There are 2 protein chains.
Amino acid sequence: MAAKKNKQTPDFNTEQKIKAAARLVFHKKGFAAARTRDIAEEAGMNLALLNYYFRSKEKLFQLIMFEAIAGFMQNMGAVFNDENTSLEKKVELIAEKYIDLFIMEPELPLFVMSEIRSHGAEILEKLPTVNTIMQSAFIKQYQKAVKEGKITEPKPLHFIMNLMGMIVFPFIGGPMLRKVGKLNDRQFNKLMQERKKLIPIWVKAVLKAK
Amino acid sequence: MAAKKNKQTPDFNTEQKIKAAARLVFHKKGFAAARTRDIAEEAGMNLALLNYYFRSKEKLFQLIMFEAIAGFMQNMGAVFNDENTSLEKKVELIAEKYIDLFIMEPELPLFVMSEIRSHGAEILEKLPTVNTIMQSAFIKQYQKAVKEGKITEPKPLHFIMNLMGMIVFPFIGGPMLRKVGKLNDRQFNKLMQERKKLIPIWVKAVLKAK
DNA sequence: GTCTATAACGTGATAGAC
DNA sequence: GTCTATCACGTTATAGAC
């Protein structure tokens with residue numbers, strides 16, 4: 001605390017400003033379409049600063065991408081592997097955490113999926129969770145429930161596709177859905193809030209469908 | 001029929017070759033990351049030909065984009081507006097047509113969604129169906145079923161999100177899902193084939209969930 | 001119609017003054 | 001640390017020979 005440093009830009013320094021601007025522009029346009037000049041302008045400063053702080057567009061992108069992936073992971077991993085929560089509870093937690101995340105950063109899902117398409121393997125390598133999902137507590141619980149006849153669809157992958165589809169698609173198709181339903185941002189977000197409660201109910205019905 | 005023309009490249013002319021190559025490259029990389037040189041090389045010919053036939057990268061892209069959108073539409077529109085098929089039948093038709101389409105062109109959904117993000121409004125204007133969905137026979141049937149107590153969720157938009165999410169997400173997240181489930185292309189496509197039958201069943205369960 | 005060579009331009013990155 | 005000016009390079013597009 002004490003006294004503020006007597007520098008020109010006190011609280012949010014330029015490095016943070018550039019990073020915030022980079023996140024915005026990269027998420028919105030993707031790596032290839034984003035121009036370093038866009039980012040500099042968005043940050044309200046000169047292009048040269050970007051290279052001064054981050055060396056290159058590529059380096060800056062890696063940073064933003066890593067944080068985006070980390071955002072995806074921190075939710076997933078812990079929930080999936082917790083042996084002390086039921087399958088139902090896990091679904092509730094995943095729906096709630098992801099929808100909250102995507103309401104805050106609506107461009108995140110499409111950004112990550114698009115960049116995986118381009119940079120493919122390199123990015124997927126950085127997702128350790130991806131390799132462990134099929135051994136998680138979640139999967140074991142699912143398979144147990146199948147054996148006990150509580151679930152009709154035997155393949156957990158179908159279930160994951162359904163759950164993630166219901167959660168992610170509205171954000172991927174956001175612009176189109178706003179147009180279809182003539183929704184403004186507030187109305188759209190309200191729908192997403194509803195889905196936090198509804199998805200677990202729907203998913204439970206799917207599990208017992210036949 | 002008669003005799004073939006005595007030209008060098010008989011059946012598939014260069015224009016078609018370039019278009020096919022452009023579709024491949026644009027779908028895979030998106031507009032910004034795609035280079036005209038990539039397209040020319042993919043078509044097995046020189047860069048100059050591309051400009052000779054299509055004037056510019058932008059023009060060629062517009063063409064590919066338009067066809068991609070048309071692919072989306074021709075399925076949608078007719079099915080949604082047919083007053084002589086039941087709600088259940090419509091779901092079956094949509095699931096089947098879209099999954100067949102996406103198995104043939106797996107990059108299509110992510111391509112269209114990504115480019116809508118970048119080019120936004122301009123592209124959505126070209127989707128007349130988008131504006132008419134909420135007045136379609138499909139929606140009227142849905143609302144009627146809600147009134148009759150056959151459906152618990154009153155908002156058709158939630159239903160559309162769920163249906164499209166289940167259909168589209170596996171292709172959007174294809175690379176990730178292959179990794180998660182350690183699936184090769186054949187196994188992945190087999191899963192998608194299964195989903196053609198399963199999605200209508202699941203969706204029916206969702207409609208009655210409470 | 002198809003090619004090679006090159007022009008015209010946009011973008012990422014750096015030099016150097018302040 | 002921050003700016004302006006500029007370089008270096010890759011990419012789109014075109015000119016012109018064949």
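Keep in mind it's a predicted model, so treat the numbers as computed, not measured. First the proteins, then the strands, lettered A, B, ... as listed; each starts at 1.
At whole-Å resolution of the value, CG in A/Leu49 and C1' in D/dT2 are 5 Å apart. The distance from atom NZ of B/Lys59 to atom P of D/dT12 is 16 Å, rounded to the nearest whole Å. As rounded to whole Å, 11 Å separates atom C1' of D/dG1 from atom CE of A/Met45. Summarising the geometry, the separation between CD1 on A/Ile18 and C1' on D/dC3 is reported as 13 Å, rounded to the nearest angstrom. Atom CZ of A/Phe54 is separated from atom C1' of D/dG1 by 14 Å (rounded to the nearest Å).
In terms of phosphate contacts, A/Thr14 brings a side-chain nitrogen or oxygen within less than 4.0 Å of OP1 or OP2 of D/dT2.
For A/Leu191 against B/Lys155, the heavy-atom pair with the smallest separation is CD2-CD, 3.9 Å.
The ring-ring contact (aromatic ring centres under 6.0 Å, His included) search around A/Phe169 returns none, not counting sequence neighbours. Scored by the salt bridge (Lys or Arg N to Asp or Glu O under 4.0 Å) test, B/Arg117 finds no partners at all (sequence neighbours excluded). For B/Phe188, there are no ring-ring contact (aromatic ring centres under 6.0 Å, His included) partners, not counting sequence neighbours.
Looking only at distances, a side-chain donor or acceptor of B/Glu115 sits under 3.5 Å from a matching main-chain atom of B/Phe31.
When the options A/Phe102, A/Phe111, A/Phe66 are evaluated for a ring-ring contact (aromatic ring centres under 6.0 Å, His included) with A/Phe72, the one that passes is A/Phe102.
At the heavy-atom level, B/Tyr53 lies under 4.0 Å from the strands shown only through sugar-phosphate atoms.
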Indicate every side-chain donor-acceptor pair of residues 43-53 of chain A with a distance under 3.5 Å to a residue at least two apart or in another chain.
unit_1  : atom_1 : unit_2  : atom_2 : d
A/Asn46 : OD1    : A/Ala48 : N      : 2.7
A/Tyr53 : OH     : A/Thr14 : OG1    : 2.8

Protein-to-nucleotide contact annotation, 5' to 3' order, nucleotides 11-17 of chain C [B base; S sugar-phosphate only; - none; under 4.0 Å, heavy atom]: BBBB---
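Axis deviation across the helix from C/dG1-D/dC18 to C/dC18-D/dG1 amounts to 10°, comparing end segments of five pairs, rounded to 10 degrees.
Note: A/Tyr142 and A/Phe159 meet the aromatic proximity criterion, with ring centroids under 6.0 Å apart.
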